[in-house]
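Right, one structure below, let's go through it.
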Amino acid sequence: MFWLMKSEPAECSIDDLAAAPQATVPWVGVRNYQARNFMRDAMRVGDGVLFYHSSCAEPGVAGLARVASTAYPDPTQFDPASPYFDAKATRETPRWLLVDVALVQKTPLLPLRTMRERPELATMGLLQRGSRLSITPVSRPEWDAVLRLLGVPG
DNA sequence: GCCAACGTTGGC
DNA sequence: GCCAACGTTGGC
């Protein structure tokens with residue numbers, strides 16, 4: 001399958017991902033059940049990921065990545081010092097899961113503005129009215145269309 | 001900073 | 001189970 005995953009570049013940009021050990025980061029901080037369930041139930045190692053920059057000057061797809069692990073507990077939920085701390089989570093019954101995400105390649109930015117202009121992308125979850133989900137599935141045709149716009153060979 | 005849209009919480 | 005209040009997201 002294919003996915004779009006939002007990251008605030010102030011938190012973890014595509015360059016931060018590239019600079020991480022083995023160009024891989026644990027996708028910490030997801031605190032939405034639907035997004036968690038995608039990671040827990042539907043993601044498979046090797047799935048393609050559109051790495052999206054959100055809440056920034058130039059929102060858009062900034063690179064390609066892949067799912068690099070199965071789901072496991074997000075350690076930040078147990079850390080009282082973390083902004084992602086969840087007092088109701090315990091190590092015995094963790095509430096939040098994550099997957100590791102590995103860089104495939106940085107790309108030229110495909111701006112959100114451009115994506116909205118493209119009819120072939122109109123079905124993307126990201127572009128639906130009121131959509132806020134930080135992880136959304138991407139269909140094969142949507143994936144192919146994005147790669148074409150990025151100038152990346154499929 | 002604004003605000004629309006959505007998710008969560010908690011009283012009842 | 002309902003639903004109002006509140007908090008968050010995220011583009012603009």
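Note that the structure is predicted; figures quoted are calculated from it, not measured.
Annotation: of the two residues near DNA chain B, A:Gln34 and A:Lys88, the 5′-most nearest-nucleotide partner is A:Gln34.
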Result block: side-chain N/O donor-acceptor pairs under 3.5 angstrom for residues 53-72 of chain A, not counting sequence neighbours:
unit_1, atom_1, unit_2, atom_2, d
A:His53, NE2, A:Ile14, N, 3.0
A:Ser69, OG, A:Asp100, N, 2.8
A:Tyr72, OH, A:Asp100, OD1, 2.6

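Counting 5' to 3', DNA chain B first comes under 4.0 angstrom of a heavy atom of chain A and last does so at the ends given by B:dA5 to B:dT8.
Other residues sharing a hydrophobic cluster with A:Val45 under the 4.5 Å side-chain heavy-atom criterion for ILVMFWY residues do not exist; the residue is a singleton.
The side chain to side chain donor-acceptor pair (under 3.5 Å) test applied to A:Arg95 returns A:Tyr33, not counting sequence neighbours.
Among pairs with a residue in residues 101-123 of chain A, none fulfils ring-ring contact (aromatic ring centres under 6.0 Å, His included), at least two apart in sequence or across chains. Identified under the ring-ring contact (aromatic ring centres under 6.0 Å, His included) test for residues 124-150 of chain A, with sequence neighbours left out: A:Phe2-A:Trp143.
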